[in-house]
Amino acid sequence: MDVSASPEQDQISRPNVSCQGAELTRIFAPDEMDNILKRRANEYKQHQLRRRTYGDLIIAPANSPLQYPVTGFKVAPLKKSLIPVLNLHYSQSCLQVSLSVDKGVLSVEDLLDGDQVEGQGQSHLTISSRNLTQLNNLLFRVTYTSTIYHIKTSDLVYFSFEDHKAIFPIIIRRPSVPVLYDPGKDINSQVTIITKTFLRYKELNVLIQSIRKFYPKIKIIVADDSLKPERVSGNNIEHYVMPPGQGWFSGRNLAVSQLTTKYFLWVDDDFVFLNETKIESFVKIMEAVPELDVLGGEVSGDQFYFILEYEEGDEQDGGCLKRIKGFHQPLADHTGCFLVDGVINYFLARTDAVRRVGFDPFLKRVGHTEFFIDGIGKLMVASCKGLSVGHQTHRAQYKYDLFRNQGKREEEEKLAHHFFKNYLNYIKY
């Protein structure tokens with residue numbers, strides 16, 4: 001178990017990521033390198049296309065007479081929407097403005113005889129008038145309709161008057177249906193405890209007994225890929241037996257897939273609940289800070305947490321990733337809590353947020369940081385002092401250790417997996 005530095009030492013000044021650590025290209029044989037690079041580059045290009053938006057920096061010109069929504073204008077695909085706040089601030093006769101888009105059509109609602117509008121229902125619209133009030137009245141009624149169905153994309157509007165030009169984005173999003181969890185009346189309807197076990201039934205039973213001492217009714221889900229499964233029974237316990245040796249993250253995925261509560265508490269099968277173990281304290285913080293997705297505690301006094309310094313790769317080279325001890329910022333209004341990228345293996349998490357990231361089943365023997373790597377930019381993570389659980393004394397288990405410990409071959413396979421999946425050239429834990 002890693003030991004973190006003190007909070008005073010943790011908040012360090014961090015320079016840009018240097019590409020050091022394991023050079024992942026060395027994992028592959030030279031004769032297979034070209035083919036792997038081509039496949040990886042193609043997948044990365046598709047990834048870039050899937051997430052592409054018109055999110056480039058747009059600077060409004062100084063003293064422009066054009067008024068327009070700089071950002072934040074959202075429409076549903078294929079649905080007509082009025083463009084807000086379009087206006088011209090200028091005093092002269094013979095006024096003419098134009099608007100054009102790439103992925104839709106523009107119109108002016110409720111046209112009257114004499115209104116000078118060209119390009120109605122097309123991608124380029126021109127509006128003319130000798131009267132500023134009339135022109136702005138027409139601009140007030142300009143609508144946009146996307147012509148391409150996509151659930152998550154953007155368009156750009158080019159808005160011009162004489163030599164004044166402006167560009168602003170339209171965000172095209174299919175509205176999503178909320179997924180809500182009824183919190184019920186107590187902790188038992190808010191949280192499910194989940195764990196993964198393998199050949200450690202003695203430790204698992206100690207854990208369950210300790211949970212039941214403090215939480216006699218809370219649901220416990222156990223994912224089990226032991227070689228010879230034993231019966232795990234008890235009130236409100238769901239025991240899911242997997243094919244043998246499927247691994248750490250496969251078990252987590254199975255357990256998470258069965259959740260019906262808003263939150264789950266992850267515990268290792270060799271933990272033990274203490275008098276200080278208060279699930280309610282986790283929930284209180286998560287409810288107070290709805291932006292949080294994962295909240296880590298401490299195991300036997302160890303509040304281990306880390307940040308992930310990530311430098312994106314370009315189209316030719318993969319990126320660099322480094323795990324370092326530290327935190328981004330203290331969590332406002334919560335003493336002893338810090339915003340981080342990863343936490344110790346004892347945390348409360350929002351079910352829907354973790355399902356969106358998932359646990360990579362490729363990782364069978366060793367995997368923890370890898371979940372938080374996949375969650376960069378998707379999960380808001382914090383760690384808090386005082387949210388405690390105990391750790392059982394280890395006993396020698398030859399068969400368990402044989403499966404648990406990662407050999408050189410498995411380490412190289414994991415690095416090769418990072419190289420392709422995460423588009424990395426360097427990684428350092």
Side-chain angles (χ1 to χ4, degrees), residues 45-178 290-291 312 314-315 377:
K45 184 177 180 180
Q46 291 188 23
H47 164 75
Q48 295 288 79
L49 289 171
R50 285 195 301 272
R51 75 173 192 174
R52 183 180 63 182
T53 62
Y54 291 103
D56 296 333
L57 179 65
I58 300 174
I59 301 174
N63 300 318
S64 172
L66 299 170
Q67 177 180 300
Y68 53 94
V70 174
T71 187
F73 175 43
K74 296 182 181 181
V75 302
L78 308 181
K79 302 293 184 181
K80 181 182 290 188
S81 301
L82 284 167
I83 302 178
V85 304
L86 288 180
N87 217 301
L88 178 67
H89 299 271
Y90 208 75
S91 56
Q92 72 171 44
S93 58
C94 300
L95 301 167
Q96 184 180 87
V97 297
S98 65
L99 301 100
S100 63
V101 293
D102 296 321
K103 298 180 180 179
V105 294
L106 300 163
S107 299
V108 176
E109 293 284 274
D110 303 323
L111 278 179
L112 302 174
D113 290 341
D115 288 338
Q116 299 179 53
V117 176
E118 296 181 8
Q120 182 82 333
Q122 300 178 31
S123 61
H124 184 87
L125 187 71
T126 301
I127 303 173
S128 305
S129 177
R130 293 182 175 274
N131 181 284
L132 180 62
T133 300
Q134 183 190 30
L135 181 78
N136 282 330
N137 184 270
L138 293 169
L139 282 173
F140 182 75
R141 305 201 304 271
V142 172
T143 66
Y144 170 85
T145 308
S146 70
T147 53
I148 299 173
Y149 180 80
H150 199 291
I151 64 171
K152 187 178 181 180
T153 188
S154 301
D155 201 350
L156 289 176
V157 180
Y158 299 84
F159 186 25
S160 63
F161 166 69
E162 295 186 343
D163 294 330
H164 304 283
K165 301 180 186 298
I167 305 174
F168 63 90
I170 296 178
I171 302 168
I172 303 170
R173 294 288 187 274
R174 179 73 188 269
S176 57
V177 177
E291 297 86 354
E312 287 187 275
D314 56 26
E315 293 186 1

Discussion item. To the nearest 0.5 Å, what is the distance between CG on L112 and CG on N137?
Written reply: 8.5 Å
Worksheet item: Are side-chain heavy atoms of N136 and H89 found at a separation under 4.5 Å?
Response: no
Fill in: Validation row: K80, E109 side chains within 4.5 angstrom (heavy atoms)
yes
How close do [X] and [Y] get, counting heavy atoms only, and between which atoms?
{"X": "P169", "Y": "L156", "value": "CA-CD2, 4.0 Å"}
{"X": "R141", "Y": "D110", "value": "NH2-O, 3.3 Å"}
{"X": "F140", "Y": "L82", "value": "O-CD2, 3.9 Å"}
{"X": "S160", "Y": "L66", "value": "CA-CD1, 4.1 Å"}
{"X": "V101", "Y": "G104", "value": "CG2-O, 3.3 Å"}
{"X": "P69", "Y": "P84", "value": "CD-O, 3.4 Å"}

Worksheet item: Given F73 and V85, is the side-chain contact (heavy atoms from CB on, under 4.5 Å) satisfied, shown in steps?
Response: CA-CA 10 Å; F73 175 43; V85 304; over 6 Å; no
Item to complete: Could you label the plane-to-plane angle of the F168 and Y68 rings as parallel, tilted or perpendicular, counting under 30° as parallel and over 60° as perpendicular?
Response: parallel
Worksheet item: Is the backbone N or O of L78 less than 3.5 Å from a side-chain atom of T145, with the two atoms forming a donor-acceptor pair by type?
Response: no
Discussion item. Donor-acceptor check, side chain of N87 to backbone of Q67, threshold 3.5 angstrom: yes or no?
Written reply: no
Worksheet item: Just wondering, more than 12 heavy atoms not from I148 lying within 6.0 Å of its CD1?
Response: yes
Practice prompt. Given side-chain contact (heavy atoms from CB on, under 4.5 Å), test R173 with S154 step by step and report yes or no.
Written response: CA-CA 8 Å; R173 294 288 187 274; S154 301; 4.3 Å; yes
Worksheet item: With sequence neighbours excluded, what pairs up with S81 under the side chain to side chain donor-acceptor pair (under 3.5 Å) test?
Response: none
Worksheet item: Do I83 and L106 pass the side-chain contact (heavy atoms from CB on, under 4.5 Å) test, and can you show the C-alpha distance, the side-chain angles, and the key distance before you say yes or no?
Response: CA-CA 10 Å; I83 302 178; L106 300 163; 4.0 Å; yes
Discussion item. My understanding is that only residues two or more places apart in sequence, or in another chain, count here; which of them pass side-chain contact (heavy atoms from CB on, under 4.5 Å) with P65?
Written reply: L88, Y90, F161, H164
Fill in: Working for side-chain contact (heavy atoms from CB on, under 4.5 Å), residues L139 and L99
CA-CA 10 Å; L139 282 173; L99 301 100; 4.2 Å; yes
Distance-only check: which donor-acceptor pairs under 3.5 Å involve side-chain atoms of residues 117-128, not counting sequence neighbours?
from : atom 1 : to   : atom 2 : distance (Å)
Q120 : OE1    : V108 : N      : 2.9
Q120 : NE2    : V108 : O      : 2.9
S128 : OG     : Q96  : NE2    : 2.9

